[in-house]
**Q** 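Attaching a single structure in structure tokens format; questions to follow.
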Amino acid sequence: SMIALRITSITVTLSDTRIIEVDLPVGGIVLALNCDISLAVNDTVNLLIDFDLSRGLEIEPDTAVSVDQITGFTFNSNLFIRVMNTSMCGSISGRVESSTGEPLKDVTVTVCMPGGIVEVCSSPTAVDGSFVILGVAEGVYDLKFNLNGYGETIVSNVSVQVGVETGGVNVELVPLP
């Protein structure tokens with residue numbers, strides 16, 4: 001089976017509230033995914049198609065070292081795409097706070113294979129510091145928590161089971177000196 005997605009526009013909102021439209025190729029971006037799925041008549045399957053557009057964007061100019069220096073983005077083909085059958089996955093949820101108990105938004109929560117080198121997927125925290133990462137295959141993972149101005153925190157041995165939300169992965173980030 002083939003799944004085709006067409007992306008016709010990408011808008012990036014920067015932390016300084018500027019909104020930048022990304023220049024895409026004429027006709028947009030077409031993602032063609034070949035999936036080996038066999039279904040009987042009247043069967044259904046729910047798929048999670050997860051792609052990280054941030055890996056497909058390059059900052060302009062490439063010498064920018066702060067948000068206020070960014071003037072645009074160009075698209076490259078380095079997308080990270082996962083297609084997961086949701087009936088064969090679990091999820092991970094939790095909350096991230098500062099050492100003073102304040103919820104932290106936009107913390108990057110990265111699910112990694114044990115050892116932290118191979119990334120599986122990632123997601124940012126919400127305004128209230130909460131996160132939910134869907135479509136995680138059964139197994140044991142490390143979670144990395146990163147936010148500018150704070151030290152990285154790693155939670156090891158997070159177990160995920162099919163059909164179960166592994167909750168309560170709550171983390172406190174400590175500001176860098």
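Below, all heavy atoms of this structure are taken into account, side chains as well, without hydrogens, waters or symmetry copies.
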**Q** Rounded to the nearest 0.5 Å, what separation is found between the OG1 atom of Thr86 and the CG atom of Leu134?
**A** 9.0 Å

**Q** Rounded to the nearest 0.5 Å, how far apart are CG of Asp106 and CG of Asn146?
**A** 13.0 Å

**Q** Any chain of hydrophobic side-chain contacts (each under 4.5 Å) joining Ile10 to Leu14?
**A** yes

**Q** So, using side chain to side chain donor-acceptor pair (under 3.5 Å) as the criterion, who are the partners of Thr8 when residues are at least two apart?
**A** none

**Q** If two hydrophobic side chains count as joined below 4.5 Å and joins carry through other members, does Met113 share a cluster with Val111?
**A** yes

**Q** Atom CG in Asn170, atom CZ in Phe131: separation rounded to 0.5 Å?
**A** 7.5 Å

**Q** Between Glu172 and Ser99, does any side-chain donor sit less than 3.5 Å from a side-chain acceptor?
**A** no

**Q** Give the C-alpha distance, both sets of side-chain angles, the deciding distance and a yes or no for side chain to side chain contact (heavy atoms under 4.5 Å, CB included) between Ile92 and Val132.
**A** CA-CA 6 Å; Ile92 303 170; Val132 178; over 6 Å; no

**Q** Hey, mind stepping through Leu57 and Val12 against side chain to side chain contact (heavy atoms under 4.5 Å, CB included) and telling me if it holds?
**A** CA-CA 10 Å; Leu57 300 178; Val12 176; 4.0 Å; yes

**Q** What side chain to side chain donor-acceptor pair (under 3.5 Å) pairs are there with at least one residue in residues 89-98, not counting sequence neighbours?
**A** Ser93-Glu165, Arg95-Glu97, Ser98-Thr100

**Q** Does Asp16 have any salt bridge (Lys or Arg N to Asp or Glu O under 4.0 Å) partners at least two apart in sequence or in another chain, and if so, which?
**A** Arg18

**Q** Give a yes or no on whether the backbone of Val107 and the side-chain of Thr125 come within a donor-acceptor separation of less than 3.5 Å.
**A** yes

**Q** Quick one: pull up OG1 in Thr110 and CD in Glu119 and give me the separation to the nearest 0.5 Å.
**A** 5.0 Å

**Q** Let's go through Thr108 and Ser122 carefully: what are the C-alpha distance in whole Å and the side-chain angles of both, what is the deciding distance for side chain to side chain contact (heavy atoms under 4.5 Å, CB included) to 0.1 Å, and is it a yes or a no?
**A** CA-CA 7 Å; Thr108 301; Ser122 64; 4.2 Å; yes

**Q** Answer yes or no: is there a donor N or O on one side and an acceptor on the other, between the side chain of Asp142 and the main chain of Pro114, under 3.5 Å?
**A** no

**Q** Would a single hydrophobic cluster contain both Ile59 and Val67, if residues Ile, Leu, Val, Met, Phe, Trp and Tyr are joined by side-chain heavy-atom contacts under 4.5 Å?
**A** yes

**Q** Could you name each residue pair satisfying side chain to side chain donor-acceptor pair (under 3.5 Å) that touches residues 128-137, not counting sequence neighbours?
**A** Asp128-Ser130

**Q** I'd like to know if the side chain of Thr71 reaches the main chain of Glu60, judged simply by a donor and an acceptor atom lying under 3.5 Å from each other, with no hydrogens or angles considered.
**A** yes

**Q** Calculate, to the nearest 0.5 Å, the distance between atoms CG and OH belonging to Asn157 and Tyr141 respectively.
**A** 13.0 Å

**Q** Going hydrophobic residue to hydrophobic residue with side-chain gaps under 4.5 angstrom, can you get from Val118 over to Val155?
**A** yes

**Q** For Ser159, enumerate each residue passing the side chain to side chain donor-acceptor pair (under 3.5 Å) test, keeping only those at least two apart in sequence or located in another chain.
**A** none

**Q** Which is it for Leu104 and Tyr150 under the side chain to side chain contact (heavy atoms under 4.5 Å, CB included) test, yes or no, and what are the steps along the way?
**A** CA-CA 10 Å; Leu104 293 175; Tyr150 291 84; 3.6 Å; yes

**Q** Might you confirm whether atom NZ of Lys144 has over 12 heavy atoms from other residues, nucleotides or ligands at distances under 6.0 Å?
**A** yes

**Q** Going by side chain to side chain donor-acceptor pair (under 3.5 Å), name the residues that satisfy it together with Gln69, two or more places apart in sequence or in a different chain.
**A** none

**Q** Taking atom OG of Ser156 and atom CD1 of Ile154, what is their separation to the nearest 0.5 Å?
**A** 6.5 Å

**Q** Does a sphere of radius 6.0 Å around CD1 in Ile117 hold more than 12 heavy atoms from other residues, nucleotides or ligands, not counting ones at 6.0 Å or beyond?
**A** no

**Q** Quick check on Gln161: does its CD atom have over 12 non-hydrogen neighbours (other residues, nucleotides or ligands) under 6.0 Å away?
**A** no

